[in-house]
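Written below as structure tokens is the structure these notes are about.
Treat the numbers as computed from the prediction; the structure is a model and nothing was measured.
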Amino acid sequence: MNKKILFIISIVLVSLLFAGGVGYLSYNLINYSGTMEEYDKIEQDKTVTLDKSDQFKNSAVKYSNIPVTEKTYDEGIYSIVEDGVQFISYVEEWDRSMLKDVADEFFRNVHGKEIEYLEMVGLYGEDDYHGDVYDSYDRDFRIPISLYNFLGSKQSFNYTTTCGTIIVDDADYFVDPDYVAYMMSYGYAYHFVEQNLGVRGVEEDAETEYYKLRAEGDDRIKLEEEKFNDMYDNFQWYLVNIAAMDYLYFMSSDTINETLEFYDTKELLNFFLTKSDKELSKISIYYDYCRNATIFENFEMDMPQQVEGLKEYFFSFVEDEAPEYTIIEDFDPNLNINYSPISGTNYKSGKITWDKPFDDKDVVYTLIFLDEYDQIWFIYKTVHGDQEAIANLGYFTQSRYYLETGQHFNFDTGQEFKIVITITFPDGTVLVSDPAEIIYRKGMKEQ
């Protein structure tokens, strides 16, 4: 074979080797680029379930053989894992069988993909008090990837995401399913609004779509706590709390959305004398978690269903359909709330009356006393639309027994109180009256 032919064959072989190398390199670079695009998509969409035998659920590329760093579960005293969320009890009062009921109740809260970033629901005793219902933190995960062995087996992505834990304090003292249901709903509300709305209790919350929809232009709104205990005193004015209450109003479990009955002092005295302990245990006295009072505890803002587009915004993050609410365009919140003494009682008692714009028997009016911070002090009386709008207040006797409103709430003579009345409809719609101020004074004949 002459040298010319050998030279040509050599050139062809080198060209083929070069083309093969370029092709292999291009093949892996394309795969690398595609993988990075998938990773960016994961970062943006947050659809990685960080649990055992995980895979990238939203990926067009097959990643089923790529392991993700597993969650580590705390044992506590009792614990179970349901749908990737750990439910753990640190108290003897809530055993494993009760935790199953806790888990079932928890999943009654409306949720979307954000639930994949909730790691735990913890029930703690009073000796292990946290003070918050929710805690969030950044979690780092290492995701190994070989890129078809091009980069070697030790290459990985470092994935950081925000995860959360729901905290139920005093679970050894409040061995009450309704209490745990309420605390879990509230905790999940903070998780939902942080993951989906981007509201976290910081100044940057003013840049969110939620702020523009719900609070823009309202100078009463607070973003980040600037001084100790201010979020406690002004709880209802912090945007992150308002967002959580909006979630409760729209999406929380039916367990905490019942419309409950409350009774004034005169009625309670009769109950205490005529009903059994078992019957009394079922009566809501002065405070309970309910649709008609505690579901949205800011009585000066528009209720959630009154804010255009808010309901649709919340439900854009989930597959559930948004509920329908009663829309009343011409509602007048001035209900003419009035206090007057009751004659024949030495003016030790009085009555609160108000107007009822809706007289349907299924519409419920709830009279609520507010404290100095305009937060719920106690829930005093419910009246249905077909009943007389009256609440008895003060000192009442029956036989040789008596009961006085002030016994339980330290009413001072001449003390001024602020009252609001909520109106709750069968479909869950809640309206709020204008606040009214009354002065309660023993022996007072006139206002």
Side-chain angles (χ1 to χ4, degrees), residues 213-221 236-237 242 245-246 248-250 257-264 290-312 314 322-341 350-393 416-440 446-447:
L213 190 63
R214 185 60 155 129
E216 193 167 43
D218 190 337
D219 58 9
R220 299 169 296 182
I221 299 299
Q236 73 274 31
W237 291 113
I242 296 168
M245 290 189 291
D246 282 339
L248 292 182
Y249 190 95
F250 288 135
N257 276 281
E258 292 184 55
T259 298
L260 300 181
E261 302 283 345
F262 293 85
Y263 304 93
D264 63 29
C290 57
R291 183 72 182 182
N292 46 320
T294 63
I295 203 68
F296 190 84
E297 295 191 48
N298 185 315
F299 301 107
E300 296 183 52
M301 295 187 74
D302 285 340
M303 296 301 283
Q305 86 281 353
Q306 294 175 307
V307 180
E308 185 177 357
L310 186 63
K311 176 183 70 174
E312 291 74 15
F314 268 79
E324 295 296 328
Y325 294 106
T326 302
I327 303 299
I328 301 171
E329 301 290 350
D330 57 350
F331 170 66
D332 183 357
N334 180 12
L335 300 188
N336 294 314
I337 301 171
N338 180 62
Y339 174 81
S340 60
K351 60 183 179 181
I352 301 171
T353 58
W354 62 92
D355 294 341
K356 294 191 290 90
F358 312 100
D359 57 8
D360 188 288
K361 65 181 179 62
D362 293 323
V363 174
V364 176
Y365 296 82
T366 306
L367 189 152
I368 303 169
F369 279 77
L370 304 182
D371 63 17
E372 59 184 308
Y373 303 108
D374 291 335
Q375 298 170 13
I376 292 178
W377 187 20
F378 60 95
I379 309 165
Y380 192 63
K381 170 76 171 178
T382 50
V383 169
H384 287 254
D386 61 346
Q387 297 174 330
E388 184 180 7
I390 183 172
N392 296 290
L393 181 71
E416 187 175 277
F417 297 102
K418 183 178 285 188
I419 293 172
V420 295
I421 293 172
T422 64
I423 308 172
T424 307
F425 292 78
D427 62 6
T429 301
V430 181
L431 301 174
V432 182
S433 75
D434 288 337
E437 294 182 352
I438 68 166
I439 299 175
Y440 171 74
E446 296 179 0
Q447 282 281 62

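- Contact of the H384 side chain with the Y365 side chain is not registered, since no non-hydrogen atoms from C-beta on lie closer than 4.5 Å.
- A 4.5 Å side-chain heavy-atom check between T429 and I327 finds every atom pair outside the cut-off.
- W237 has its side chain within reach of I221: a pair of non-hydrogen atoms, C-beta onward, lies under 4.5 Å apart.
- Rounded to the nearest 0.5 Å, atoms CD (E372) and CG (L370) are 12.0 Å apart.
- A pairwise comparison of heavy atoms in K311 and P323 identifies NZ-O, 2.9 Å as the closest pair.
- T353 is linked by a side-chain hydrogen bond (donor to acceptor under 3.5 Å, both in side chains) to nothing, counting only residues two or more places apart in sequence or in another chain.
- Remark: E258 CD is loosely packed, at most 12 non-hydrogen atoms of other residues, nucleotides or ligands lying under 6.0 Å away.
- Figure legend: cation-pi geometry between R291 and Y249, with NZ or CZ positioned under 6.0 Å from the six-membered ring centre and within 45° of its axis.
- Applying the side-chain contact (heavy atoms from CB on, under 4.5 Å) criterion to D434, with sequence neighbours excluded, gives P333, N334.
- Considering NZ of K381 and CG of L367, their distance stands at 9.5 Å, rounded to 0.5 Å.
- Scored by the ring pair (Phe, Tyr, Trp, His ring centres under 6.0 Å) test, F425 finds F358 as partners (sequence neighbours excluded).
- Side-chain atoms of N292 and T424 include no donor-acceptor pair closer than 3.5 Å.
- In this structure, the side-chain hydrogen bond (donor to acceptor under 3.5 Å, both in side chains) partners of D218, at least two apart in sequence or on a different chain, are R220.
- By the ring pair (Phe, Tyr, Trp, His ring centres under 6.0 Å) test, Y263 is found to be paired with F271, residues two or more places apart in sequence or in another chain being considered.
- Using a 4.5 Å heavy-atom threshold, the side chains of I421 and I368 count as separate.
- In terms of the ring pair (Phe, Tyr, Trp, His ring centres under 6.0 Å) criterion, F331 has no residue partners (sequence neighbours excluded).
- The backbone N or O of I419 lies less than 3.5 Å from no partner atom in the side chain of E437, so there is not a single donor-acceptor pair.
- Remark: T422 engages no residue in a side-chain hydrogen bond (donor to acceptor under 3.5 Å, both in side chains) (not counting sequence neighbours).
- Between I337 and D355, every side-chain heavy-atom pair lies at or beyond the 4.5 Å cut-off.
- Applying the salt bridge (charged side-chain N to carboxylate O under 4.0 Å, His left out) criterion to R214, with sequence neighbours excluded, gives D246.
- The side-chain contact (heavy atoms from CB on, under 4.5 Å) check on N392 picks up D264, K266, I342, K351, I390, F396, with sequence neighbours excluded.
- Of all the heavy atoms in A293 and F299, the pair that sits closest is O-CZ, 3.8 Å.
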One pair to check against side-chain contact (heavy atoms from CB on, under 4.5 Å): V383 and E388. What are the steps and the verdict?
CA-CA 7 Å; V383 169; E388 184 180 7; over 6 Å; no
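- Here the two rings, on F417 and Y380, have centers that are 6.0 Å apart or farther.
- Between P304 and F250 the shortest side-chain heavy-atom distance falls below 4.5 Å.
- Nearest heavy atoms, G385 versus K356: O-NZ, 2.8 Å.
- Using a 4.5 Å heavy-atom threshold, the side chains of I423 and S433 count as separate.
- Here the OH-CD1 distance, from Y339 to I352, works out to 7.5 Å after rounding to the nearest 0.5 Å.
- Listed by chain and residue number, nothing satisfies the side-chain hydrogen bond (donor to acceptor under 3.5 Å, both in side chains) test with E324 (two or more places apart in sequence, or in another chain).
- Using a 4.5 Å heavy-atom threshold, the side chains of M245 and E297 count as touching.
- Distance check: L310 CG to L213 CG gives 5.5 Å after rounding to the nearest 0.5 Å.
- Around CD of E312, the count of heavy atoms belonging to other residues, nucleotides or ligands within 6.0 Å exceeds 12.
- Shown here are the side-chain contact (heavy atoms from CB on, under 4.5 Å) partners of Q306, two or more places apart in sequence or in another chain: D302, M303, L431.
- Here Q375 pairs with F235, Q236, D371, Y373 under the side-chain contact (heavy atoms from CB on, under 4.5 Å) rule; sequence neighbours left out.
- Relative orientation of the F369 and W377 rings is perpendicular, given thresholds of 30° and 60° on the angle between their planes.
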